[in-house]
Colleague: 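Please read through the structure below; I'll follow up with questions.
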Amino acid sequence: MRNGFGISMNKSEETISISNNNGENLLVLLEEEQRKSGYLSQEFITALAQSLDTPVSEIYGVISFYSFLSNKLQGRNIIRICKNLPCFLKNSELIIKCITQELGIKPGQTTPDGRFTLVLTNCIGACDKAPAMMINNDIYGDLTPQKITKILESYK
Amino acid sequence: MADITVTINGNQITGHAGITILELAKENSIDIPTLCYCPDLPPMGACRLCVVEVAGSKALVGSCHTPISQGMVIQTHSPKVMATRKIIIELLLASHSGFCTVCDKSNICELRKLAMDMDIGLSRFQSKKRYFPIEDISPYITRDLSKCVLCRRCLQICNEVAKKRVFGIGYRGFNSKVIVDLDQPIDKEVCRDCGLCITSCPTGALSNPAQIGEEKKGTPLVIRG
Amino acid sequence: MPEKHIVLRNCGVINPEDLTSYTARGGFQALKKALSIGPEQIIKEIKESGLRGRGGAGFPCGLKWEFTRNTKEQSKYLICNADEGEVGTFKDHFILENDPFSLIEGIAIASYAIGVKKSYIYLRGEYHNLSGRLQNAINQAKENKFLTHVNIEIREGAGAYVCGEESALMDSIEGKRGEARFKPPFPTDKGLWQKPTVINNVETLMNIPQIILNGAAWFNQIGTERSKGTKVFSVSGDVACPGVYELILGSSLKELLINISQSDNIKVVQIGGATGRLVPGTAIDTPLSFESVLGAGSITVFNETRNIMDIVYHTMEFLAEESCGKCTPCREGTEVMKLIIDKFRCGNGTQHDMQLLTELSSAMSLASLCGLGQAAPNVITDSMQYFRDVYESLIPANLRGVKA
């Protein structure tokens, strides 16, 4: 049985602890860590694999399947711009161009100061407010180039 | 154990309750092509090559995972089924960067054999080719994922029979890939020399490390079409 | 008037953070009634009401409940599918934002009827901001002793469209990659952790309290012969008033698009998102019902200035990206289709390509493992049916009429 144990390990003097595992919760554990640390470090994946008695390949398989999980260090704020049809109709390409110019990075990249990561995503359920984007968990709709600068400024 | 009678290709055939259409067909020497199916292991239903037509069902059903039921009327080689199977093989060939002439397993390659049986020469489809570097750092196994058809038999054998759980599936969609650890090349740390995955691999994706002077296995296949 | 609010009756009226404003509108009366009439009677009512699943497939809801209730297994589950990933759909977002209590009541009634002690709400990762409000609604219902018979847990997705497919959704709750499973066994036999499971869309469960309160006969007289009740539509694209509208089933596309959301010059409408159907502007009188077209209720409107190939290409690009990759036809087929459409988009198509698209579409819809792969070619077949001239105009002149 795998339930009810917690493990701890030292990683540069901070402790990662994993507890309350039923095996079933792999995705939940990964989501929690992703929210907390912004990414899933190799140390975390290895420790999780040991504690759950699951191969690393299986955990990495889950991480690489879901677009919200990442094993690479990401920016403090993640911008997800919707690229699907309803937003495309409302000129989302202009918004993408505008943000790439503003930040000086392409989709998939992170700004050198680690402030923003820019990704293109599929429908975020704000089609009535197209073009729309998400920064972290907040949704911004009816975007115009004028609005972008102001929105980006509010994220440090 | 109750017996069940079904009709396959117009003939009444009886089998035990609980077995699949594919198992019943095999018992009665009806040849249904498969790729991801491993005898005696749980079915995966991934390759879709074994689809058959069942009366009353709009879509074709996978014979490897569908149990027989009383009165089922099955067509294993109807024109609809054959056309569909042919397209599946053509799709696999389209993304397969197959350099068959220099492949060690080309004479025993199941993908080539299936293509040959269905009279497929070159695929009519154009797709992205999968190219990956050859992984030959392990003394026991050489892996060339360019030749992988994602049938997952290696995964199944390694998990269920060898119990090593070396492989996993990573990424999604067209980018899906059989991975080891954090998508690293396979080396001797993770895998010993049981060789089950090599025997189970239908193509040249997994093979024994090449020996100097070794000849190709099997007799050359003749491809028509 | 085709508009009628059953599902949306509380939206914008109650305070979604406060249970007392919900009970003031008759909230949890249905649960009280349900507990008094007993599970058999509830299932009978739902069956007689003719309520069909609102996620797109349209399976009779009462039947699903009955199958699961009648299994011998002791542990079974109810999952509320709030993984609204279909392109152009935002109705569940609107519902959860404005009336989380009706959903909780619907789940409470369903759980009691089926005999479930544990229910999950699978919320898509993109809607993380709503999970607080939803959890608050659960907590308040619990404090008021409405959830003594069932434990409701919210599980969040992490950005994968295919997890809205029921079998992939169950794998995702189990913590795995969200890959489709083959059927049979059906979820009602072997679902989550191989136990009998009912999976209902948010909108389906929203209907439950009203059916219990007003009776099956009341619900049954709304809609058409085989499509009972109302449907919530998400309208987006080239319309003056995009938004969420609830209409009686069987209402025509014209009523929704011309009279309510005020669009004109319609070239084509995509109903049901990426895996849905295309309806040309000339067929504006098409009724919206299970007999005709419906999907999950997303309506994206394209006016005369839009390019058909852009629509098809973007849809295929989306599907290729979101395919789980397990079965061959979907994994390889979506990619091939995307590449062929790209050829047409650049004006480099051939007659041969059109033939290939037809054959590939048929193979994919016949052989794919789950609904995503089976419905992926819809946009291709529909566009080739209604806009064949567009395809043909994109074949270079010297290649026209040449058979491969």
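Throughout, protein chains are lettered first and strands after them, A, B, ... in sequence-line order, and every chain is numbered starting at 1. Source: prediction; values computed, not measured.
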Colleague: Please state whether the side chain, the backbone, both or neither of C/Y127 comes within less than 4.5 Å of a heavy atom of chain A.
Modeller: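 Answer is side chain: those atoms of C/Y127 sit under 4.5 Å from chain A.
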
Colleague: Around atom NZ of C/K190, are there more than 12 heavy atoms of other residues, nucleotides or ligands at under 6.0 Å?
Modeller: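 No, the 6.0 Å shell around NZ holds no more than 12 heavy atoms from other groups.
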
Colleague: Which bit of C/T89 comes within less than 4.5 Å of chain A, counting heavy atoms only: side chain, backbone, both or neither?
Modeller: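 Just the backbone, heavy atoms under 4.5 Å.
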
Colleague: Sort out for me which of A/N122, A/I59, A/V62 touches chain C most, counting heavy-atom pairs under 4.5 Å.
Modeller: A/N122

Colleague: Would you mind checking which part of C/E86 comes under 4.5 Å of any heavy atom in chain A, side chain (CB onward), backbone (N, CA, C, O), both or neither?
Modeller: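 The backbone, not the side chain.
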
Colleague: Can a salt bridge be assigned to the pair A/E31 and C/R155 using a cut-off of 4.0 Å between side-chain N and carboxylate O?
Modeller: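 Not counted as a salt bridge, because no side-chain N and carboxylate O are separated by less than 4.0 Å.
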
Colleague: Indicate yes or no for a side-chain donor-acceptor contact from C/S236 to the backbone of A/D128 under 3.5 Å, with no hydrogens or angles considered.
Modeller: no

Colleague: Which atoms of C/V162 are under 4.5 Å from chain A, going by heavy atoms: the side chain, the backbone, both sets, or neither?
Modeller: side chain

Colleague: For A/P86 and C/V87, which heavy atoms make the closest approach, and how far apart are they?
Modeller: CD-CG1, 3.5 Å

Colleague: So for C/C163, is it side chain, backbone, both, or neither that comes closer than 4.5 Å to the heavy atoms of chain A?
Modeller: side chain

Colleague: Are any side-chain N or O atoms of A/K90 and backbone N or O atoms of C/G237, one a donor and one an acceptor, separated by less than 3.5 Å?
Modeller: yes

Colleague: Does CD belonging to C/E304 count more than 12 external heavy atoms closer than 6.0 Å?
Modeller: yes

Colleague: Please look at A/D138 and chain C and tell me whether the side chain, the backbone, both or neither of the residue comes under 4.5 angstrom of a heavy atom of that chain.
Modeller: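 Both backbone and side chain.
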
Colleague: Quick check on A/K129 against chain C: is it the side chain, the backbone, both or neither that has a heavy atom closer than 4.5 Å?
Modeller: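 Neither part.
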
Colleague: Hey, does C/H314 have a side-chain heavy atom less than 4.5 Å from the side chain of A/N84?
Modeller: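 The answer is no; the side chains never approach within 4.5 Å.
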
